[in-house]
Amino acid sequence: MMRMEVYGLVKEEITLRQFILLMILFIIGTSILLSPASLAASADNDAWISALVAMGAGLVIIVLFWIISQQFPERNLVDISELVLGKWLGKAVSLLFSYFALISAASVLWTVGNFLVTQIIVRTPALVIHFLVMFAVVYGIQLGIETICRTAEIFFPYIVTLLSIIYLFSIPSVEIKQIQPLLDSSFKQISEGAAFDISVSVLPLIVLLMVFPKYVSEKKRMLPKILLGYVCAYFFIVAITFITTTVLGVRVTANQSYPTYVIAKSLNIEGLIQRAEVIIAVSWILTIFFKLSMYFYASVTVLAQTIGLTSYRSITIPMGLITIALSLIIYPSTIYANDWNETTWLWFSLTFGFVYPLLLSVIGRLRGKSISSNNS
Amino acid sequence: MSRFFRSKRQNPQENSTTIKLYPSLQQNITHFKQTVGESTDIVIRTFKAGQTGSMDIAVLYTSGLVNNELVHDFILDTLMSEIRKTPLDAPAHKSKRYKTKHIEENGNKAYQLIKDYAMTGGNVTDIDTMEKLFLHVLSGDTVVMLDGSIQAMAIDTRGWESRGVEEPSTQSVVRGPKEGFTETLRTNTALLRRRIKDPNLWIRSKPIGSKSKTDVAVVYLHGVADEKVVKEVYHRLNKINIDAILDSGYVEELIQDETYTPFPTVYNSERPDTIAAGILEGRIAIVVDGSPFVLLVPALFVQFFQSAEDYFQRADFSTLIRLIRYMAFFLALLTPSVYIALTTYHQEMIPTSFLVSLSAQREGVPFPAFVEALLMEITFEILREAGVRLPKAVGSAISIVGALVLGQAAVEAGIVSSAMVIVVSLTAISSFVSPSFNFAISIRMLRFGFMSLAATLGLFGILFGLIILTLHLASLRSFGVPYLSPMAPFIGADQKDAILRFPRWKLTTRPRLINQSNMDREDAKAPKPEKRKRLNQRKEQE
Amino acid sequence: MWLILLMVILVWSGIGLKGLRKKGSVKDMATYIILWAIGTTGLMLYRFGISIPTPLDGIAYIYHPLSSLWKQWFA
Amino acid sequence: MMERRWFFLIAASVCLMLLSGCWSKRELNEIAITTAIGIDRVDDKYKLTIQVINPSEVSSKQMTTRTAVSTYTAVGDSMFETIRRLTTLTPRQAYMSHIRNIVFSEEMAAEGIGKVLDFLSRDHEMRTDFYLTVAKDMEAEDLLKVLTPLERIPAQKTYSSINTSEENWSAVQSIQISDVISTMISKGNNAVLTGLRVVGNPEEGSKLTNVEKVDSPAQIRVDELAVFKRDRLVGWLNEEESKGYNYILGNVKSTAEYAPCKNPEQGGITLELFNATNKMKADVKGEHPKVSVSIDVKAAIADVECALDLSKPAEVAKIEKQFEKIFVELMQSSIDAAQEDLQSDIFGFGDLIHRQEKHYWKSIEKEWDTIFPEIEVTLDAKVQIKRTGTTIDSFEKELEE
């Protein structure tokens with residue numbers, strides 16, 4: 001308890017509802033725009049089935065996160081690794097984790113910049129966009145996780161409404177025959193697509209363990225609600241995959257960098273709703289803002305707590321500068337980015353999003369007694 | 001209560017000037033005259049009274065602040081004629097036979113006599129220091145001083161020329177009470193008391209301002225308002241250390257949670273019904289003497305979109321109107337910036353035929369859309385400001401100049417496109433929809449920021465602006481209550497009176513974050529007309 | 001643009017540092033300055049076109065055996 | 001918190017920084033709104049023609065002596081290069097987001113449009129809602145020069161007439177880029193594009209006199225479909241075949257069909273179709289796969305010139321039978337054209353087989369182009385006359401008597 005006071009965070013508290021909204025935004029963050037393409041590329045006609053498989057597999061990972069959070073309530077990831085792995089090893093792993101979150105933040109920042117620069121404001125230097133987005137993120141993080149959550153609560157209805165508009169009005173142009181025959185692709189193809197999808201939307205959820213369950217005010221009956229939130233979030237991805245492949249065709253979807261954006265471009269409901277691609281761009285940037293914020297928050301808090309600073313707020317500004325610098329050099333080109341995402345990212349996120357918590361949980365259970373004696 | 005009156009920090013200078021009244025009337029008067037610099041508006045009437053006519057009495061009041069009739073009829077008349085027969089022992093301090101002690105004894109006896117039997121005024125206060133003497137005289141009381149007494153009595157004779165209760169100039173309604181607060185504190189508290197005749201309506205006041213000594217009253221419903229917030233209000237008021245308070249705006253600025261924000265975190269209103277409704281919800285009103293604007297805390301974002309009239313009209317209609325206000329808020333904030341963004345960055349979003357006509361209008365306009373918009377917006381702001389300051393008679397001239405000369409002629413001269421004129425007018429009209437004037441000001445300030453963001457990054461500039469704005473709003477608190485509640489944090493029960501307005505019988509709870517304990521209001525029932533059959537039965541019974 | 005950007009960064013970090021000095025923790029200040037130096041150096045290197053290898057190369061190298069195995073499996 | 005106090009200062013300076021460069025900005029009077037692109041082939045090079053709006057002419061209320069659109073033409077090695085080269089001609093940068101039509105010349109289409117489609121789907125300024133068309137018997141450049149009455153922007157005119165005739169006549173089909181790409185990529189399907197042609201004297205079309213006359217000397221007409229195999233034009237479907245094509249694919253929304261009376265001298269009978277649905281089935285037993293197509297048409301009688309007693313159900317049934325035959329013939333003509341002359345599976349029969357018999361499809365996927373002309377197609381039509389219009393019997397019958 002002392003520690004919480006030292007960190008000056010004792011007042012911060014978020015509701016379960018806010019946390020779930022944050023989780024949903026995190027899951028659909030980058031995926032809503034990028035997933036359909038990679039899913040269609042690997043699983044062809046069965047892209048949406050692949051997404052469903054990813055949803056099922058992701059459920060297991062969510063439960064793993066849940067288990068570890070319940071094993072050590074009132075503690076965040078840094079506390080847990082120090083407890084379980086010992087002080088120095090724990091600190092080292094935490095630093096690595098901070099690095100993981102920082103790299104992820106930089107790559108998400110690059111993704112925003114890249115999207116805007118290729119699709120919308122073509123001649124604007126990427127640096128300016130990165131700087132502006134990061135400015136907003138740093139400002140938000142300085143104001144605290146509570147503020148971020150409230151902002152998410154404000155924006156959430158808009159994001160859902162905007163996405164629903166795209167979904168609903170795409171339905172008339174859905175042609176089921178585009179994805180027939182069903183289950184045409186092999187199991188390999190489907191699982192490959194699912195693996196990529198999980199690595200983007202589910203595994204990184206580990207960073208949310210920095211706020212969960214420590215700052216969540218309600219502690220009862222959390223799991224069903226969280227799982228429901230997760231399923232809802234994944235439903236968005238499955239639905240958009242289904243819609244893009246049936247409306248655009250599988251090959252076209254796979255060949256587009258941003259298939260969802262193309263869907264929005266071709267939307268035309270009797271002149272009432274047309275030229276609505278900015279809608280999807282806006283809601284996407286909003287979701288990705290929260291994803292970026294959470295990555296950045298995790299990176300900063302983990303670092304600050306590991307080296308024992310009085311407040312994480314004191315290093316947000318320099319960390320923001322580092323993120324900007326990193327985002328500018330992280331991917332030399334889009335080709336490099338695609339290649340990296342396809343080959344290494346899966347393993348990178350698997351290490352920190354699956355192996356790491358699994359180890360913590362297992363070792364924590366094995367060392368159960370000594371830890372509880374430490375606790376008291 | 002005691003905490004409130006115990007000033008936390010006393011001005012050291014004031015401390016040194018705390019002087020007890022002298023027993024000698026002459027000494028007192030001399031001191032008084034010196035201090036007020038023989039100001040001509042202060043009347044010092046000395047006369048002799050009593051059976052023997054040996055008692056020196058002085059009556060002090062500030063002319064203009066007192067009700068002259070009251071002073072004449074009940075004080076001067078009483079003292080000079082009615083107690084003519086009463087034996088008031090002359091202190092006769094001039095005679096050397098008496099010692100000082102005697103003088104005081106006599107004086108105090110006479111003082112008690114007059115106070116108990118002769119003073120027909122209602123509110124009489126004892127005064128024993130010079131400081132209090134000044135305060136009472138200068139705030140409109142009449143002070144009676146007796147020679148030989150170390151006490152003086154202050155009779156409440158306040159009665160200055162003041163504006164009557166009129167229709168408020170802001171926040172006017174079509175349906176609903178048309179009374180507005182005035183500049184007089186007592187009138188204002190009376191207006192509130194008249195609406196809430198509950199013993200739990202507590203009104204406590206205290207002068208604030210070392211020079212102005214302005215009365216500031218805190219009004220709340222005891223048992224309904226959150227005690228913690230009440231304490232916080234007192235605490236913040238006590239912390240105020242300022243020479244003068246000339247309007248409630250001073251208080252607002254000194255007690256708000258966050259100074260560096262364009263948004264008001266303290267609500268103000270000229271309408272007693274609005275303030276009374278706020279008090280009934282558990283909010284705390286701060287009435288400042290000399291200002292018709294009463295403050296209300298805690299203030300939430302949604303409150304600035306609610307008009308008193310919402311509760312006097314039908315619920316469905318009020319909901320619609322509220323939604324329109326929110327729409328107007330976004331229009332006022334974003335129209336020019338969206339126009340700039342669309343026409344300079346996102347032409348693909350404009351339908352072809354409209355784009356063609358827009359671009360035909362812009363042929364020959366020398367400035368970029370941003371400069372064009374800035375030009376028109378600034379012109380409008382100048383016009384608006386001029387319109388507020390100008391004498392009413394000239395006001396119509398301004399609107400002619402604004403509408404005709406600047407609108408029509410600027411288009412014809414090719415300085416701005418006609419679409420821009422539409423945009424600016426729409427913005428201008430929308431910015432007046434908000435029932436709260438100070439909220440409209442913040443929108444107007446932010447608009448320019450959004451315009452420059454739109455000019456550099458298009459819609460994405462606007463989006464980033466909105467993200468930062470929402471972050472900022474989400475971080476604000478008003479007296480500990482999150483500014484954006486009940487939206488964020490989301491409170492389901494409070495949605496009944498936030499963006500929507502549910503029917504009266506649904507509004508049975510008070511806002512959750514405003515008062516933690518006393519949630520339930522009276523349980524109103526939906527009106528249910530009696531069935532004809534039962535009505536007939538009853539008739540038969542009768 | 002770069003000049004203004006640099007100014008904004010300087011002002012921004014200056015304000016951050018000022019706030020930090022009030023709280024007065026040496027460790028915080030030191031971390032702040034070190035991280036700030038890293039960030040600014042990175043930005044400046046980028047500005048002057050000095051290419052810095054992306055940290056992803058290292059990560060890719062570590063995971064290379066795994067990812068090539070994965071590729072073979074799906075090939 | 002220190003941050004907030006200084007926040008506005010920083011925000012203001014960020015704004016200032018941003019204002020120093022408005023990078024992607026385009027003022028409305030700096031862009032040339034392009035409504036159509038014509039693509040011709042000249043000696044291994046692209047000849048690009050853009051049709052640009054003159055905004056003040058289009059939106060002005062008075063008649064002017066200047067045309068509502070202008071065209072610019074340039075020749076270059078690739079699409080993008082040519083578009084940039086156009087800036088040497090135009091005073092403003094061509095703005096592509098409002099394109100309504102892309103017109104290929106026949107020559108260009110025959111050489112393959114794949115490379116052009118790549119550019120069109122890659123470029124960020126391109127949207128996806130324009131129609132792809134082929135100019136029949138003429139250069140795309142000349143077609144774009146034809147001025148049109150009623151709708152002052154020719155490209156808009158073409159766009160609307162494709163829409164209207166698709167709704168009401170159903171001979172043509174509006175084709176957008178995503179349709180073309182997905183059919184082109186698929187092995188069991190081939191694309192068609194809308195055909196455009198100029199009726200009258202194309203020379204006159206580019207002059208302002210074309211819109212000054214009541215009867216314009218040159219008019220753009222949309223009634224045929226250009227048939228592609230992979231990305232190359234292989235031929236045309238005439239109006240009837242196009243209609244048959246749309247019947248087979250169930251694209252018909254509404255149209256009119258005419259059949260002569262028993263006594264052809266009397267005239268004929270016309271149906272107004274208001275609902276036509278199709279059903280396709282593949283059967284892979286036997287040497288060659290078989291495809292059966294049946295359509296279900298609901299119609300109303302629009303126009304009767306024959307002596308018929310429409311109050312008798314038997315008579316109506318006869319009419320239905322007669323039309324069923326006509327529909328089958330229409331579709332057959334289309335199938336014949338595709339199978340014999342063009343040898344291009346524009347109906348997506350290959351995809352149909354893929355959907356229904358995916359294993360079988362894998363075995364024949366590679367030879368599909370040679371199999372398609374051989375497959376047996378059985379056609380069937382069912383007509384239901386639901387209404388007889390506002391009258392029951394024809395005046396003609398009364399007149400006869």
Side-chain angles (χ1 to χ4, degrees), chain A residues 8 42 99-100 102-103 106-107 110 125-128 130-131 135 138-139 142 186 188-189 191-193 195 300 303-304 307-333 336-337 339-348 350-351, chain C residues 1-2 4-6 8-47 50-71 73-75:
Chain A
S42 44
Y99 180 65
F100 161 74
L102 187 69
I103 292 276
S107 78
W110 177 86
L127 173 73
V128 175
H130 290 202
F131 189 86
F135 183 74
V138 169
Y139 179 62
Q142 287 242 342
S186 64
K188 258 187 191 178
Q189 284 175 301
S191 56
E192 188 191 12
V300 169
L303 183 65
I307 53 180
L309 302 182
T310 48
S311 162
Y312 76 86
R313 288 188 171 87
S314 49
I315 55 166
T316 42
I317 296 171
M319 282 294 270
L321 290 181
I322 291 181
T323 314
I324 296 171
L326 205 54
S327 71
L328 291 170
I329 58 162
I330 190 162
Y331 296 126
S333 67
Y336 184 96
D339 183 55
W340 200 82
N341 285 338
E342 274 166 28
T343 52
T344 320
W345 168 254
L346 175 65
W347 302 104
F348 193 40
L350 201 67
T351 312
Chain C
M1 182 191 91
W2 270 96
I4 303 173
L5 190 73
L6 193 69
V8 171
I9 290 174
L10 283 178
V11 170
W12 197 18
S13 9
I15 291 159
L17 203 61
K18 198 181 149 202
L20 214 56
R21 219 171 52 192
K22 273 187 197 154
K23 284 181 208 153
S25 160
V26 182
K27 206 182 201 175
D28 284 28
M29 289 256 284
T31 323
Y32 184 97
I33 291 166
I34 294 168
L35 290 175
W36 184 85
I38 297 173
T40 320
T41 320
L43 280 176
M44 286 304 111
L45 287 178
Y46 175 80
R47 159 73 183 92
I50 301 162
S51 64
I52 319 156
T54 147
L56 299 189
D57 282 338
I59 298 167
Y61 180 77
I62 296 170
Y63 289 105
H64 183 70
L66 277 174
S67 41
S68 54
L69 212 72
W70 175 261
K71 261 190 182 165
W73 194 58
F74 280 112

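Each chain gets a letter, A, B and so on, in the order the sequences are listed, and its residues count up from 1.
- Heavy atoms only, all atoms of each residue included: A:I307 and C:K27 are closest at O-NZ, 2.8 Å.
- Looking only at side-chain heavy atoms (C-beta outward), C:D57 and A:Y336 come within less than 4.5 Å of each other.
- Under the 4.5 Å side-chain criterion, counting only non-hydrogen atoms from C-beta, A:Y99 is in contact with C:I59.
- Remark: C:L56 CG to A:T344 OG1 distance equals 8.0 Å, nearest 0.5 Å.
- Among the candidates A:A325, A:S314, A:G320, the residue making the largest number of heavy-atom pairs closer than 4.5 Å to chain C is A:S314.
- With values rounded to the nearest 0.5 angstrom, A:R313 atom CZ is found 12.5 Å from C:D28 atom CG.
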Go through it in stages, so that I can follow the logic: the residues are A:W347 and C:I62, the test is side chain to side chain contact (heavy atoms under 4.5 Å, CB included), and I'd like the CA-CA distance, side-chain angles, deciding distance and then a yes or no. CA-CA 10 Å; A:W347 302 104; C:I62 296 170; over 6 Å; no
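- Among all heavy-atom pairs drawn from A:I329 and C:P53, the shortest one is CD1-O, 4.4 Å.
- With chain A as the partner, the residue from C:I33, C:T54, C:T40 showing the most heavy-atom pairs under 4.5 Å is C:T54.
- There is no contact between A:A106 and chain C, counting heavy-atom distances below 4.5 Å.
- With values rounded to the nearest 0.5 angstrom, A:I324 atom CD1 is found 6.5 Å from C:I9 atom CD1.
- For chain A, the nearby part of C:Y46 is the side chain; its heavy atoms alone come within less than 4.5 Å.
- Of the atoms belonging to A:L328, heavy atoms from both backbone and side chain fall under 4.5 Å from chain C.
- Between the CD1 atom in A:I317 and the OH atom in C:Y32 there is a gap of 4.5 Å [rounded to 0.5 Å].
- Summarising the geometry, atom CG belonging to A:L321 is positioned 10.0 Å from atom CG belonging to C:L35; distances are rounded to the nearest 0.5 Å.
- A 4.5 Å side-chain heavy-atom check between C:L66 and A:L350 finds every atom pair outside the cut-off.
- Interatomic distance, OG of C:S67 versus CH2 of A:W340, reported as 10.5 Å (0.5 Å rounding).
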